[in-house]
Amino acid sequence: MLLSKYFFKTIKENPREAEFKSHILLLRGGYIKQVSAGIFSYMPIAVRALKKIEAIIREEMDAVDGFEVNLPVAMPASLWSETGRYEAVGDELLRFNDRVGRKMLLGMTHEEAVTDLARFCINSYKQLPVMVYQLQTKFRDEPRVRGGLIRVREFVMKDAYSFHTSNEDLDKYYNRVHTAYENIFRRSGLSAISVASDVGMMGGNAAHEFMAVAESGEDTLILCHTCGYKANREVAKAKRHSMSEEMKPREEIHTPSKETIGEVAAFLNVDERRMLKTVAFKDEDDNIILAMIRGDLEINEIKLKNYLKKKILNLATDEDLGKKSIVKGFIGPVGIDKSITIVVDESILNSNNLVAGANKKDYHIKNINYRRDFVSEYITDISLVKQGDKCPICGDRLSVTRGIEVGNIFKLGTKYSSSMKARFLDESGKEKDIIMGCYGIGVGRLLASVIEVQASEKSIVWPITIAPFEVELIGLFNDKNSEIERIANDLYKDLTDANISVLYDDRKASPGFKFNDAALIGSPIKVAIGQKSIDNGGVELFIKDSEAVICPIGETKEKILKAREDLFKELK
RNA sequence: CGGGAUGUGGCCUAGCCCGGUUCAAGGCGUCUGCCUUGGGAGCAGAAGAUCGGGGGUUCAAAUCCCUCCAUCCCGACCA
């Protein structure tokens, strides 16, 4: 490809609206053009990289016996009503009417469409297991977009759906996909780790997310470097040490205007770990829920929400509490209105003689003990894991890092097949719901993550497997110097004939201009040829971000072929 | 949806607080000509702007006020 003819434009200055490294470099390098918040046009250089990623994904999906399909972007609302999601999903589902006024939607995910296909095609256990996948545009009307391609409204996703006769078979297949995902990210040059994750609106039994570790990531990951425990903070657990001591008699004490854990602990001179913290929430029906946890810990709202199977859970306002005659700042388990749901964190069970509010202004109660002083039918782990907490598996210190979710895999179970009546006949002729799994990868997000994780502030070096052009040939000559131009042209032809994707910068532009554009184009192999390099004995070869190496012209093609092969080998 | 910020030729930025003789400016990019090729060259010329939109205040508005819109960041939300 001749750069002088290429549909392409670079920008010298950082665009005003971009803050993320990947966003800045993708805009400056002429990969993407923003059309609206979270909606982008992709230029040829980006499309080349995306197609390479898609090719890797297809190979790996085919290798786990997947069949590529194409499901619709626009669907009738009635299909989604079958699972109740037309009504259940919020405004991120874009709803509209067609010309006859029928309710429609833009697909943000495709469980309904694929289950509809499955119930049509699958009748017998003999057809299972089977997996279908697609690479297709999704639209999600996100309330907040972020970081260029990191979080967008319209994007291409690889989504795959598998169908099984049993949970055991799903488990087996799920592991195969897990491996396929590891292959995809490794081959794309992105180091991603899988963590246990929340199942969210997809429902189902188990899930993993594949995370690119990056400071700019929006997810918080909990990792144990000793035993390899890895989890999204949303579901992460920690070992909480016991704080038991001999039970003491309960005692009410005057704590004027001491409302926060810190204030009360200081006032009474007790450790915050001897405090019982109560946080009040409100659900979608305006019910008050009190979550109780040890004073030094925080509530993980997602765990709490999942445990209670609530759709909405917000912090209760002072007004909400007032309506139920709950005394803000002095809430406690003893003497509280019995009709209020109390969720008790496990940390309360192995601690005792705790201090909590007395449900009376300016009073707390000392030496509260679970069982003796109160009980609840809702006991679970609702604690938020912090840096330095103990690993639930090995007890060693946990560390916290940030990650970008580039893929996820879910065990769906029968959530969709049962509501949509996607069934099969088993060996004994009995009708059963098909057991499903689903597996997603955000293609554009993967591309952006590669930059986010490994690019410098000013330049991209693409992994060769996804590079828009494997080689960039930088011609440094003017028109009069036809000798050098002839050598460059010959080299370009040689490389192209060898089936290497080459971008040849043949533009009339200064060397600095070309080198800077090359830094944005990001070919992992760059060749510069000019009077200076010729005088030094040939061309200059740059592999990834290394210093220039002089290479005789006659050996250039072989050197590049070798370097190319080596780079591919690294990402096998 | 809450909090914060920003909208000035294709891109970046100054001017705004303190309205009027720098008031529509500078750089980049683009076009034409000359010249030039080792780290975003030089010279000369040219095109290109409803100062985000609307309303208001005023003799006078990019500048002050109201309102709407758009974009970004943080939070909420999220496969």
Side-chain angles (χ1 to χ4, degrees), chain A residues 9-20 23-24 27-28 30 33-40 85 89-93 107-111 138-148 150-153 155 157-161 197-204 207-210 216 218-219 232 234 301-302 305 311-315 317 405-410 412 438-442 445 458-459 474-481 484-485 488 505-520 526 528-536 539-540 542 548 550:
Chain A
K9 178 189 178 68
T10 51
I11 298 169
K12 266 190 203 175
E13 273 140 332
N14 288 355
R16 188 209 307 266
E17 74 268 17
E19 285 190 18
F20 286 65
H23 192 190
I24 291 170
L27 286 170
R28 285 198 45 205
K33 157 80 173 66
Q34 182 162 332
V35 175
S36 175
I39 298 179
F40 291 88
R85 283 210 295 188
V89 175
D91 287 339
E92 60 270 25
L93 179 63
M108 53 187 288
T109 175
H110 281 79
E111 284 75 18
K138 304 280 183 262
F139 192 90
R140 295 181 183 181
D141 201 356
E142 291 286 346
R144 177 147 124 69
V145 300
R146 186 170 178 271
I150 299 293
R151 185 176 182 73
V152 293
R153 295 198 291 167
F155 61 102
M157 182 188 218
K158 186 285 297 173
D159 47 328
Y161 307 87
S197 72
D198 179 32
V199 294
M201 76 172 237
M202 305 299 296
H208 284 84
E209 292 166 338
F210 285 78
S216 54
E218 51 193 337
D219 287 280
N232 191 309
E234 294 172 355
E301 291 181 33
I302 293 177
K305 202 164 129 183
K311 260 199 294 199
I312 300 172
L313 202 61
N314 292 319
L315 282 175
T317 61
E405 182 187 344
V406 287
N408 53 40
I409 57 180
F410 284 82
L412 288 175
C438 80
Y439 319 91
I441 291 177
R445 188 184 274 185
K458 289 205 167 143
S459 66
I474 304 166
L476 304 170
F477 47 78
N478 62 34
D479 287 348
K480 289 171 188 164
N481 202 339
I484 293 173
E485 185 177 11
D505 193 345
D506 61 331
R507 296 175 299 179
K508 281 191 181 182
S510 69
F513 192 88
K514 293 184 179 182
F515 278 116
N516 279 300
D517 271 0
L520 294 169
K526 299 183 195 72
I529 176 165
Q531 189 60 55
K532 193 171 130 191
S533 74
I534 298 288
D535 292 346
N536 286 335
V539 303
E540 278 159 21
F542 304 82
I550 293 288

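Just so it is clear: chains get the letters A, B, ... in the order the sequence lines come, proteins before strands, and each one is counted from 1.
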### Message
Roughly how many Å apart are B:U32 and B:U63, using the C1' atom of each and rounding to a whole number?
### Response
37 Å

### Query
Which part of the nucleic acid, if any, lies within contact of A:Lys458, taking any heavy atom under 4.0 Å across all strands shown: a base, the sugar-phosphate backbone alone, or nothing?
nothing

### Query
If you measure from the P atom in B:G15 to the same atom in B:G52, how many Å do you get, rounded?
15 Å

### Message
Return whichever of A:Ser510 or A:Glu234 has its heavy-atom-nearest nucleotide of RNA chain B closer to the 5' end.
### Response
A:Ser510

### Query
Checking only heavy atoms, does the side chain of A:Glu540 share a donor-acceptor pair with the base of B:G38 at less than 3.5 Å?
yes

### Query
Would you call A:Lys526 and A:Glu540 a salt bridge, taking side-chain N to carboxylate O under 4.0 Å as the test?
no

### Message
Are the side chains of A:Asp159 and A:Glu111 in contact, using a 4.5 Å heavy-atom criterion?
### Response
no

### Query
With nearest nucleotides of RNA chain B determined for A:Glu142 and A:Thr10 from heavy-atom distances, which residue corresponds to the more 5′ nucleotide?
A:Thr10

### Task
Give a yes/no on whether any side-chain N or O of A:Ser36 is located under 4.0 angstrom from OP1 or OP2 of B:U71.
yes

### Message
Check this one for me: any side-chain N or O of A:Arg153 less than 4.0 Å away from OP1 or OP2 of B:C77?
### Response
no

### Query
Within the modelled atom types, does a donor on one side and an acceptor on the other bring the side chain of A:Arg28 and the base of B:G40 under 3.5 Å apart?
yes

### side-chain N/O A:Lys305 vs B:C78 OP1/OP2, d < 4.0 Å
yes

#### Entry: A:Phe515 aromatic ring stacked with six-membered ring of B:G39, 5.5 Å and 30°
yes

### Message
Does a side-chain N or O of A:Gln34 approach OP1 or OP2 of B:C72 to a distance below 4.0 Å, or not?
### Response
yes

### Query
Are A:Arg144 and B:C78 close enough that a side-chain N or O sits under 4.0 Å from OP1 or OP2?
no

### Task
Write down the distance separating the P atoms in B:C77 and B:C64, rounded off to the nearest Å.
37 Å

### Message
Other residues, nucleotides and ligands only: do more than 12 of their heavy atoms fall within 6.0 Å of CG on A:Asp535?
### Response
yes

